[in-house]
Amino acid sequence: MRWPTPGARLGYGADYNPEQWPREVWREDVRLMREAGVNIVSLGIFSWAHLQPTADSWEFGWLDEVMDLLHEHGVAVDLATATASPPPWLTTAHPEILPVTRTGETLWPGARQHWRPTSPIFREHALRLVTALAERYADHPALTAWHIGNELGCHNIYDYSDDAAAAFRAWLRGRYETLDALNHAWGTAFWSQRYSDWAQPLPPRLAASHPNPTQQLDFKRFSSDALKEYLRAEREVLRRLTPDVPVTTNFMVMGETKGMNYADWAGEVDFVSNDHYVHPGPQGLDELSFSANLVGNLAGGRPWFLMEHSTSAVNWQPVNRAKRRGELARDSLLHLAHGADAVCFFQWRQSAAGAEKYHSAMVPHAGEDSAVFRAVAELGRVLRDDLAPVAGAGRRPARAAILFDWESWWASEQDSHPTELLRYRQEALDWYSAFLGLGVRVDVVPTGTALDGYDVVVAPVLHVLPAELAKELTGFVEAGGHLVTTYFSGIVDENEHAWLGGYPGPLRELLGIRVEEFGPLLADEAVELDDGTTGTLWTDEITVTDPEAVEVLAAYRTGPQAGRPAVTRRRVPGGGSASYVSTRLGARGLPGVLGRVLAGAGVSGELPAAARGEVELTIRHQNGVEYWFLINRTDHEVELPDVTGEPLTGSLPLAPRGVTVLRR
Ligand code: GLA
Ligand code: GLA
């Protein structure tokens, strides 16, 4: 990993869009940046039309001026390649770069990101721009990092155009080599879909009925790969012209954004950066923590860059709530707690015009005389003065992990399934909330992560289970690890072919159970368990096949499986165990089961029992020093009587929504 800001300091800043403002405002901007402690901005993200007003003319003068001005004021630049929004002259000359939806509609210009990831024409123009920028600013002292495009795939991940079809076919040839292999993988004996020529396969465009599921899954894999390919194309230009400048692109590990397989992308950038926006609701804060945790692990435990979040309201939710006092700092520090070494916002100055004028910023419409700007400046001071020692510190791994699998996310939510109510990420988040509720640290890790350092691994809805992964999980348990998995896991292999002989396929023996039929519940149905919890969404009819070793941790009290096992655990020679949860217990119901698994594994929280659940603990460390981040998840003060350490920021007891960082 190569980090942009030289020296040990935390980054603080925003997207900066000076082209929206007259020059006199730029002077005001740098004065206020200094006041707020801003030391880095992302510049030029949507500047293409300003940099290249026509196909044959360039205007770099204004950007030179802004780069110089920022440098004079001690602000480093994460310079965008400016390719996120192609200018009108380009789409007018080449409407064939515009993406096409599944139903054949064109996504027209007028917003942003209206380009096909596989368009050769778009790529040619975009790389010309990237080359021009890299040549011009290679030696500019403000340049500290490159920011490829912006949120690749935010609006254009799925393109069904003819360009996409051609690229998809090339991708399929690379994956399968022969038509026989493709026909086998896609199961084309079904519904007369057998392909006899490579010219025939298509993206899963609007069809008369459910498109082939493996075609759908492969199109998701392809679409993620195609954008990754595009990312690489820009990156190669930058590496050639500016080999010493680190390259990133802002991921969107948040909410239901799922098209890009970031576990697969993380190795493509010099440092991982992420954008995150809080979704209001009872699990909003847990979701922030979950996302930051996953990003920290995508970054391999090393520091990462929070490229965007919001100081207050966004403009794209149905109702856009302003943040309450304290939330700006708490949300920022929660990212830091999970390994971020930079805290940045969208955007520096709130726009007066355009689609995002109701989106908050570091400098709001109200100006510097505002609660938001005062909170921004105070946070800048905390990052610069109080928390400087944290810069560069890595994450201290937890003893438990939640396995997060993009392919299971994609496949488990496809159509023509037992239920369309299942939400993969929500299930993973519910387990995460259960860990938070019990006050036990956990790492959210992508599949592929080595599991041998963990005592407990929870793999919720591990729907796609290739034989290799099943072997790895079995090995983990046989070596003494404790595995938990759930309903709708181990159902298909990597080709979306069902495992035969009973579910959950290759984990049956390990779990000592067998399921013959799927048991989805209607949206308003619920089943009660004998431990007092309530299950929704699903209820499996479990047959215990290894009664010697399997104990029933909870049984159904009501519903179609009344009297039968709901949660099972098989003890495996060597001290490990394999547990199965056959219904959706949700964030409220899971702590009971999880508590028993953790107790069996000898894993407990590091905080005093009374504070567990109210306070989230994360640990970063470097040079033999630990930094304990204590985040108050509640709106009341929390005592932490036995916790010691030197407070770098905040204090004990923890203020409502407060964060205290202890050096130990
Ligand atoms: C994304 C984009 C930004 C802006 C914000 C608004 O993160 O990258 O340009 O649109 O959303 O929340
Ligand atoms: C119809 C079709 C069958 C099958 C069933 C599934 O009856 O004729 O091919 O798709 O629906 O319910």
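Counting convention: from 1, in listed order, for ligands and their atoms alike. The model shown is predicted, which means the values in this text are computed figures rather than measured ones.
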Below 4.0 angstrom from a heavy atom of [X], which ligand 1 atoms are there? Numbered from 1 as shown, please.
{"X": "Glu151", "value": "1 (C), 2 (C), 7 (O), 8 (O)"}
{"X": "Phe46", "value": "9 (O)"}
{"X": "Asp275", "value": "7 (O), 8 (O)"}

Between [Y] and [X], is there a side-chain donor-acceptor contact under 3.5 Å, judged purely by atom types and distance?
{"X": "Tyr432", "Y": "Glu287", "value": "no"}
{"X": "Thr249", "Y": "Trp265", "value": "no"}
{"X": "Asn250", "Y": "Asn150", "value": "yes"}
{"X": "Ser291", "Y": "Arg425", "value": "yes"}

| query | If you measure from each non-hydrogen atom of Glu356 to ligand 1, which part falls under 4.0 Å: side chain, backbone, both or neither? | reply | side chain

Contact (N/O only, under 3.5 Å) between [X] and ligand 1:
{"X": "Asn150", "result": "yes"}
{"X": "His359", "result": "yes"}
{"X": "Trp316", "result": "yes"}

| field | Positive for ring pair (Phe, Tyr, Trp, His ring centres under 6.0 Å) with His276, one of His309, His338, His335 | value | His335

| atom 9 (O) of ligand 1 - nearest protein heavy atom and its distance | Arg112 NH1, 3.0 Å

| message | Checking a contact table here: which protein heavy atom is nearest atom 10 (O) of ligand 2, and how many Å away? | response | Trp191 CZ2, 4.2 Å

| query | Which side-chain hydrogen bond (donor to acceptor under 3.5 Å, both in side chains) pairs, counting each pair once, include a residue from residues 355-364, with sequence neighbours left out? | reply | Thr311-Ser360

| message | Counting only heavy atoms, tell me which of Gln113, Glu308, His155 gets closest to atom 11 (O) of ligand 1. | response | Glu308

| Within the distance-only criterion (no hydrogens, no angle test), does the side chain of His71 pair as donor or acceptor with the backbone N or O of Ala76 below 3.5 angstrom? | no

